[in-house]
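Just so we're on the same page: letters track the sequence lines, and every chain starts at 1. Predicted model, so just to flag it, every value in this text is computed and none were measured.
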Amino acid sequence: MSVTLSDSTAANRARVQRSTRASLVGLVVSIIVVAALAYGPYAFLSKGNQQNLTTLFIYIILGTMWNLLAGYAGMVSIGQQAFIGIGAYGIVYAADILGLGLWIGLVLALVISGIVAYLVSFLAFRLSGGYFAIGTWVIAEVIYLITTQFDTLGAGAGISLTTFRGYKPEIRIAVVYWIALAAVVVAVAVTYLLLRSRLGAGFTAVRDDATAAATLGVNVTRSRRIAWVVAAMGCGLAGTLLAMTTLNVQPGSVFKIQWTAFMIFIVIIGGIGTIEGPIIGAIVFYALERYVGDVGFWYLVILGIIAIAMVLFLPKGLWGLISRGGRLQLFPTGLRLATPLATPLATTTSSPTSGTPPTTSAEDL
Amino acid sequence: MAESELLSVHGLSKKFGRVITADDVTFDVHEGEAFGIVGPNGAGKSTLLNLIGGVIDPDAGRIEFGGRDITRLKAANRAKVGIARSFQIPRPFVDMTVFENVYVGSSFAGGTRGQHGYDRAYAALETTGLLSLAETPAGQLRLLDRKRLELARALATGPRLILLDEIAGGLTEKEIPPLIDTIRGLLASGVTVVWIEHIVHALVSVVDRLMCLAEGRILAIGDPHEVMRSPEVIEVYLGTTFDIGEGRAS
Ligand SMILES: Nc1ncnc2c1ncn2[C@@H]1O[C@H](COP(=O)(O)OP(=O)(O)O)[C@@H](O)[C@H]1O
Ligand SMILES: [Mg+2]
């Protein structure tokens with residue numbers, strides 16, 4: 001038997017399936033939902049509900065970003081509030097203080113979040129595992145302290161976002177709502193497309209075994225850095241939205257570590273390592289906050305208990321339950337081989353193409 | 001056959017604390033050659049492959065590949081210039097499918113994206129008999145299939161040099177000949193093979209030259225049968241008898 005690894009002989013042309021009927025349904029339903037939500041302010045969404053949904057969108061973005069970072073790239077950060085704060089202060093600084101207006105201010109705030117994340121990565125990436133997590137927290141605290149030193153940024157007393165001055169409240173609320181809707185679509189879509197790309201395969205490879213990934217040509221540090229910067233920009237985006245909803249940026253509020261706790265909760269409740277999970281998790285988290293109410297300390301304790309229970313009894317989260325352990329994928333990121341069998345060469349024992357893994361295996365190696 | 005050197009190792013040294021795992025190691029591997037490595041446990045065989053693959057940095061010494069100094073090159077870039085590696089203790093990406101595992105090799109180190117990458121990955125699964133498990137999460141594989149996956153991923157990178165670390169370890173007698181066929185096929189297609197193996201008869205039936213390591217030093221290097229007969233090698237293996245399979249058809 002001679003072995004050659006010819007790439008494209010007709011006999012071994014691999015048919016890879018990247019979308020399924022479920023994913024098409026997912027796409028169509030997503031488009032309909034987003035279209036309906038976009039039309040909402042003209043028809044069925046009250047001001048209050050627009051504000052509620054804006055909050056929900058912020059949670060979805062935050063959950064999606066922490067999931068990208070921890071769930072896919074294997075980097076457990078507890079310092080993402082740093083970028084929420086930078087986004088919030090960034091838009092105030094760029095839009096108001098520099099006078100660049102809302103749109104350029106928004107873009108600049110994201111760019112600043114990305115640049116800070118890039119620079120900080122050279123420090124944070126010297127640490128790994130638990131030290132990395134603690135390191136990100138320390139970095140977030142330092143960024144918080146530095147921010148409060150600048151008089152132009154309110155020097156710790158907070159600062160108002162004035163770029164919406166002159167907007168009627170109902171117009172402002174609708175505009176912020178639409179920006180938030182666009183933001184959540186972009187954040188989820190970018191994450192999804194990134195994870196479907198070759199880079200995404202690199203993220204998960206590095207997460208599972210960085211040494212093996214490097215041996216197979218994955219630039220481990222570069223891969224981590226991309227995930228880190230994208231997640232920071234996503235959190236920065238959420239920060240700009242927070243500033244737009246509160247119109248007042250308080251350092252103790254935007255930089256609080258609770259944000260990261262909420263992100264972790266959202267991801268764990270919804271299901272880590274899936275696109276759908278953080279969306280479900282954000283809805284649950286929002287509902288809890290709305291109907292159980294933020295009662296300070298005990299609220300956090302309840303969230304903690306729920307999260308621990310989930311980890312123990314439902315590690316794949318609510319989406320794991322709904323999708324029957326991943327069998328239903330509305331946003332599949334993996335590569336499915338459509339025809340894994342049917343080769344003249346293989347003397348492998350036959351097995352079902354999917355689902356149950358075969359118990360017997362090939363005799364030839 | 002022209003004996004141009006593909007891999008040259010000069011004065012390579014590595015210590016872990018007080019444990020010497022490579023001590024001034026110098027040798028060459030020729031293009032297209034099958035080069036075997038034996039030695040007792042802890043001799044530094046796996047460490048040598050880690051040094052060549054760039055997983056760890058040497059304390060001293062130089063590594064050249066295809067005439068180029070790669071001593072400072074990162075592991076990922078060594079993979080891209082054509083050095084592939086199978087790990088003695090398999091290191092699958094447990095939450096990715098077998099196919100996805102192999103696609104990482106073909107798309108990153110192999111540089112074949114999209115359909116070409118899929119085809120290369122598919123061919124590697126076919127060669128290693130893993131096709132029926134393509135959709136299985138790698139974390140669910142049993143040891144033998146994990147070893148196959150190590151080989152499949154390495155093949156998918158389209159290597160010039162492949163470093164195999166005890167790829168036959170744990171295989172039954174019946175499973176060894178097909179593995180040897182696969183390795184011969186690789187050699188026939190022009191890939192250079194460096195193969196660490198304890199199953200000496202399998203190794204000797206394939207390799208052109210053999211090197212014996214002990215405590216990070218080269219005890220003997222050269223013709224496989226002569227190496228296995230040399231007094232120094234017999235000394236370190238004292239008490240073990242070898243079936244070096246001189247009668248085997250080659
Ligand atoms: N990363 C490491 N850190 C510390 N010691 C190591 C490391 N890798 C290998 N060693 C030690 O180096 C010696 C050689 O190991 P190894 O190269 O795996 O031997 P072999 O593959 O020949 O059995 C052993 O004593 C081992 O414990
Ligand atoms: Mg070893």
Determine the minimum heavy-atom distance between A:L335 and B:E100, stating which atoms define it. N-OE2, 2.7 Å
Here the gap from B:Y118 atom OH to A:R15 atom CZ, rounded to the nearest 0.5 Å, amounts to 13.0 Å
At what distance, to the nearest 0.5 angstrom, does CG of A:N219 lie from NZ of B:K74? 4.0 Å
Can you tell which part of B:T97 gets under 4.5 Å to a heavy atom of chain A, answering side chain, backbone, both or neither? side chain
Check whether any side-chain heavy atom of A:L216 sits under 4.5 Å from a side-chain heavy atom of B:F93, and report yes or no. yes
In this structure, are over 12 heavy atoms from other groups packed under 6.0 Å from B:R113 atom CZ? no
Give a yes or no on whether A:Y118 atom OH has more than 12 heavy-atom contacts from other residues, nucleotides or ligands under 6.0 Å away. no
For A:F122, does the CZ atom sit with more than 12 other heavy atoms under 6.0 Å from it, leaving out its own atoms? yes
Test applied, side chain to side chain contact (heavy atoms under 4.5 Å, CB included); reference residue, A:T215; option that passes from B:T157, B:V55, B:N50, B:L163: B:V55
Count the heavy atoms belonging to other residues, nucleotides or ligands that lie under 6.0 Å from NZ of B:K80, then report whether that count exceeds 12. yes
Given side chains that start at C-beta, do those of A:V16 and B:Y122 come closer than 4.5 Å, heavy atoms only? no
For the interface with chain A, which of B:Y103, B:F99, B:F108 has the highest count of heavy-atom pairs at distances below 4.5 Å? B:F108
Heavy atoms only: give me the nearest B:R153-A:A212 pair and the separation to one decimal. NH2-CB, 3.7 Å
What do you reckon, is CD1 of B:I89 surrounded by more than 12 foreign heavy atoms closer than 6.0 Å? no
Side-chain donor/acceptor of A:D208 to backbone N/O of B:D95, under 3.5 Å: yes
Which atom of A:G217 lies closest to which atom of B:A79, heavy atoms considered: N-CB, 3.6 Å
For A:D209 and B:P92, work out which heavy atoms get closest and say how close. CB-O, 4.4 Å
Examine distances only and state if a side-chain atom of B:E135 and a backbone atom of A:L337 form a donor-acceptor pair shorter than 3.5 Å. yes
Would you say B:R91's side chain and A:T211's backbone share a donor-acceptor pair under 3.5 angstrom? no
